[in-house]
Amino acid sequence: MGKENKTIGLLYNGGRVDLDLKEPSVGPDVVDLKNFSAQTGLYTFDPSYSSTASCESYITYVDGTAGVLSYRGYPIEQLAQESTYLEVSYLLYHGELPTRDQLDVFRLKVKQNMLLEESVIKLFDTFPENAHPMSMLITSVASLSSIYHHDINVREPEDREAFFFQVLGKVPILAATILNHINKKTVGSYDEKLNYSANILNLFFGGIPNFEVNPVFSKALDVLLILHADHEQNCSTSSVRLAGSSGTNPYAAMAAGIAALWGPLHGGANEAVVRMFNEIKSKDRISHFIEKAKDKNDPFRLMGFGHRVYKNYDPRAAFIRATCHEVLDELGQDNNPMLELALALEEIALHDQYFIDRNLYPNVDFYSGIIYQALGLPKEMFTVMFALARVVGWATHWCEMMANPGLRIGRPRQLYLGPKKRNYIPLDQR
Ligand code: SDX
C-alpha cells in the first residue's frame with residue numbers, strides 16, 4: 001500500500017470504519033478523526049488530551065521517550081550551545097536560521113517595539129503592593145488589546161507580523177516594569193551596546209548604582225530563554241491556540257496562555273520548586289518529603305519532577321543544571337545549599353522505585369529557579385521569566401494557526417453524565 005492509503009480499521013456496534021493514518025515528518029502516525037463522529041455517531045474520550053494531536057505544526061518536535069527536543073529540526077542542545085535567544089526567535093518564526101543581515105533587521109524590529117504606552121504604565125499604579133507578578137503580566141498584556149484592536153486583521157500576514165514584533169518587544173519591558181513594582185527603582189534602560197539578554201538584565205537592575213551586566217549571567221539567561229522558548233502543544237500554547245481559534249485579539253489570546261502558564265503544574269512550577277526547597281530545608285529531610293510525594297493521600301508532589309510527555313530526562317533540565325554550576329561558580333557559591341539540596345533530591349528520587357516505575361525525572365523547572373534567584377530575582381518573578389521566553393513560542397504558534405485557511409474554531413465535545421430529560425416543576429409544587 002502506498003503511504004496515502006495507510007488506514008486503521010475500527011469495528012464498532014454500527015459496523016466498521018476505516019480511518020486514515022496521517023504520517024508526520026518525524027514520530028508516530030496519527031489517526032485522522034476529523035470525520036469520525038460524522039462517520040460513526042461516536043465521540044472519542046481523552047479528557048487531558050494525552051493521546052490527542054490538536055493541530056498540524058511545523059515548529060517544534062518533542063520525542064518524550066527518547067528525551068529529544070528540536071526547534072525547526074535543530075536539536076535543542078546545539079541551539080543552547082551555539083545560538084542566541086534572538087536568533088532562535090528568528091528560527092522559530094521564519095523556520096530557517098538567519099543570515100547576519102536578517103538577524104540585524106530582526107533585532108531592530110524587536111528593539112523598535114521595546115516601549116510601553118502611557119495607559120499601560122499607569123495600570124501599574126492600580127496594582128496592590130503585593131500583587132503577584134503573573135497577575136500583573138496577564139493584566140498588562142491583556143490591556144494591550146485595548147490599544148491594538150482597531151487595525152489588527154488577524155487574517156492579514158502583515159498585521160500578524162506587526163503583532164509578533166510588538167509582543168516580543170513589549171514583554172521584556174513589562175517584565176522590568178513588574179520587577180520595578182516589587183523592587184522599586186532598580187530598573188535601568190535599553191543600552192545599544194548590549195545584546196538582548198544583557199539588556200534584559202540591564203532593564204531589571206540597571207538602576208542599581210555601579211551595576212554592570214556580568215557576561216556569565218547574561219549568557220546563562222540567554223540559555224534559559226532558548227530552552228524555554230517553545231515546547232509544541234503544552235498547556236499554555238494550547239490555550240493560546242484555542243482562544244485564538246475564535247479570531248479574538250492576539251493580545252487576549254496571549255493573556256490566556258500566560259494565565260495557563262501560571263499554574264504550579266505548568267510554568268508556575270519553577271516558583272513552586274524553590275518554595276519546596278525552602279520547605280525541605282536540609283538533606284536529612286529529603287526522605288520524609290519523598291515519602292510524602294509518594295503518598296496518594298498527601299497532596300504534596302515533587303515539584304519540578306515528572307512530565308506529561310518526557311518519560312526520560314528532560315533535555316532542558318540537564319542543560320539548566322550545567323548552567324546552574326556556571327552561575328554559582330561565578331558567584332563563588334559552588335557549594336550553594338539549594339543546589340546541593342536539589343542534586344541530593346534528584347539522586348535519591350532517581351533511585352526510588354516509585355519514580356523509576358513512573359518515569360519521573362527532573363523537568364525544565366527543577367533547576368531554573370536556582371539560577372533566577374542567583375541572578376537576583378525574587379521567586380515570584382520566576383514564571384514571568386518563563387513567559388518572557390515562551391512568548392515567542394506562543395506568538396509563532398498563533399501566527400501559524402491564523403495563517404491556516406482551513407482553521408476552524410476549537411470546540412471539544414464531552415461525555416455527559418448528568419440527569420436525563422425531566423420536566424419543570426413549578427415552585428409551589430416542590
Ligand atoms: C512544564 O507540557 C509541557 O511541555 C510543559 C512544559 C513546557 O515547556 O511547556 O514542559 C513545562 O509545565 C513542566 C512541568 C512542570 N510541573 C511540575 O513540575 C509539577 C510537578 N509535576 C506533576 O504534577 C506532573 O508530573 C505533571 C503535571 C508535570 C504531569 O502530570 P501528568 O502527565 O498528568 O502525570 P500524572 O499526574 O498522571 O502522573 C502519573 C503518575 C501518578 O501516579 P499513579 O497515579 O500512576 O500512581 O506519576 C505520579 C502521579 O501521582 N506523579 C508524581 C509526580 N508527577 C507525577 N508523583 C510525585 N511527584 C510528582 N511530581
Side-chain angles (χ1 to χ4, degrees), residues 57-63 67-98 103 106-107 109-110 113-114 137 141 163-172 174-175 195-201 218-241 250 253-254 257-258 260-261 266-267 269-270 307 309-310 314-320 323 363-365 367-368 371-372 382-401:
S57 183
Y58 296 77
I59 303 166
T60 292
Y61 175 66
V62 177
D63 177 340
V68 164
L69 167 61
S70 63
Y71 295 157
R72 300 285 190 178
Y74 293 95
I76 194 66
E77 294 81 0
Q78 293 180 24
L79 294 172
Q81 190 72 41
E82 310 291 341
S83 187
T84 64
Y85 176 71
L86 224 47
E87 183 178 75
V88 163
S89 297
Y90 182 102
L91 170 67
L92 286 168
Y93 181 65
H94 289 288
E96 297 298 337
L97 288 169
L103 185 55
F106 189 87
R107 178 182 295 111
K109 286 181 177 176
V110 173
N113 284 282
M114 292 183 93
L137 187 62
V141 168
F163 160 72
F164 175 85
F165 284 107
Q166 277 168 13
V167 77
L168 227 63
K170 292 181 184 301
V171 171
L174 284 173
N195 65 33
Y196 182 84
S197 295
N199 253 308
I200 289 180
L201 293 177
S218 55
K219 174 62 182 159
L221 176 59
D222 209 63
V223 167
L224 283 171
L225 295 176
I226 291 171
L227 295 173
H228 286 80
D230 194 47
H231 211 241
E232 63 145 83
Q233 306 310 320
N234 57 84
C235 181
S236 52
T237 302
S238 299
S239 302
V240 168
R241 280 184 174 258
M254 292 297 119
I258 300 169
L261 187 75
H266 190 15
N270 58 16
H307 199 277
V309 177
Y310 288 122
D314 184 331
R316 301 167 297 177
F319 227 98
I320 294 173
T323 306
N363 59 49
V364 70
D365 294 304
Y367 289 102
S368 56
I371 300 177
Y372 291 135
F382 294 177
T383 312
V384 170
M385 298 309 288
F386 195 141
L388 173 53
R390 187 55 57 89
V391 68
V392 69
W394 292 331
T396 302
H397 279 275
W398 179 81
C399 289
E400 179 181 72
M401 176 179 72

Main-chain N/O of Val309 paired to His307 side chain as donor or acceptor, under 3.5 Å: yes
Is it true that a side-chain atom of His266 and a backbone atom of Ser236 form a donor plus acceptor pair closer than 3.5 Å? yes
What is the distance from atom CG of Leu221 to atom NZ of Lys219, rounded to the nearest 0.5 Å? 11.0 Å
Hey, does the side chain of Thr237 reach the backbone of Gln233 with a donor-acceptor pair shorter than 3.5 angstrom? no
Donor-acceptor pair, Tyr71 side chain versus Ile59 backbone, under 3.5 Å? no
Report the C-alpha distance between Ser368 and His228 in whole Å, list the side-chain angles of each, state the deciding distance to 0.1 Å, and finish with yes or no for side chain to side chain contact (heavy atoms under 4.5 Å, CB included). CA-CA 10 Å; Ser368 56; His228 286 80; 4.3 Å; yes
I'd like to know whether Ile371 forms a side chain to side chain contact (heavy atoms under 4.5 Å, CB included) with Ile320, so could you lay out the CA-CA distance, the side-chain angles of the two residues, the decisive distance to 0.1 Å, and finally the verdict. CA-CA 8 Å; Ile371 300 177; Ile320 294 173; 3.8 Å; yes
Distance-only, no hydrogens or angles: does the Tyr85 side chain make a donor-acceptor pair with backbone N or O of Ala389 under 3.5 Å? yes
A side-chain contact here means heavy atoms from C-beta on lying under 4.5 Å apart; do Asn363 and Tyr310 qualify? no
Is there a side-chain contact between Leu225 and Ile200 in this structure, where contact means two heavy atoms from C-beta onward sitting under 4.5 Å apart? yes
Examine distances only and state if a side-chain atom of Asn270 and a backbone atom of Phe382 form a donor-acceptor pair shorter than 3.5 Å. yes
Closest non-hydrogen atoms of Met114 and Pro172, given as atom of the first, atom of the second and distance, are CE-CB, 4.0 Å
With a 4.5 Å cut-off on side-chain heavy atoms, are Leu261 and Phe386 touching? yes
pair Glu232-Tyr61: side-chain heavy atoms closer than 4.5 Å: no
Roughly how far, to the nearest 0.5 Å, is the CG atom of Leu388 from the CG atom of Leu174? 10.0 Å
With heavy-atom distances below 4.5 Å as the criterion, would you say the side chains of Ile76 and Ile226 are in contact? yes
Nearest heavy atoms of Thr323 and Ala220, plus distance in Å: CG2-CB, 3.5 Å
Leu227 side, atom CG; Glu77 side, atom CD - distance, nearest 0.5 Å: 9.0 Å
Value for OG (Ser70) from CG (Leu79), rounded to nearest 0.5 Å, stands at 8.5 Å
Closest heavy-atom pair and its distance - Val364, Ala317: N-CB, 4.4 Å
Centroid separation under 6.0 Å, is that true for the rings of His397 and His231? no
Charged N to carboxylate O below 4.0 Å: is that the case for Glu400 and Arg241? yes
Could you please spell out the steps behind the side-chain hydrogen bond (donor to acceptor under 3.5 Å, both in side chains) verdict for Thr60 and Asp230? CA-CA 7 Å; Thr60 292; Asp230 194 47; 2.5 Å; yes
Distance-only, no hydrogens or angles: does the His94 side chain make a donor-acceptor pair with backbone N or O of Tyr90 under 3.5 Å? no
Return the minimal non-hydrogen interatomic distance between Asp365 and Ala269, and the atom names on each side. OD2-CB, 3.6 Å
With rounding to the nearest 0.5 Å, note down the distance linking CH2 in Trp398 to CE in Met401. 7.5 Å
Do Thr396 and Arg72 make a side-chain contact, defined as non-hydrogen atoms from C-beta onward lying under 4.5 Å apart? yes
Would you call Tyr93 and Val392 a side-chain contact if the rule is heavy atoms closer than 4.5 Å? no
Could you tell me which non-hydrogen atom of Ala229 sits nearest to which non-hydrogen atom of Val88, and how far apart they are? CB-CG1, 4.4 Å
Distance, nearest 0.5 Å, that separates OG of Ser239 from CD1 of Ile258: 11.0 Å
Nearest heavy-atom pair of Pro315 and Leu69: which atoms, and what distance? CG-CB, 4.1 Å
Under 4.5 Å between any side-chain heavy atoms of Tyr196 and Ser218, yes or no? no
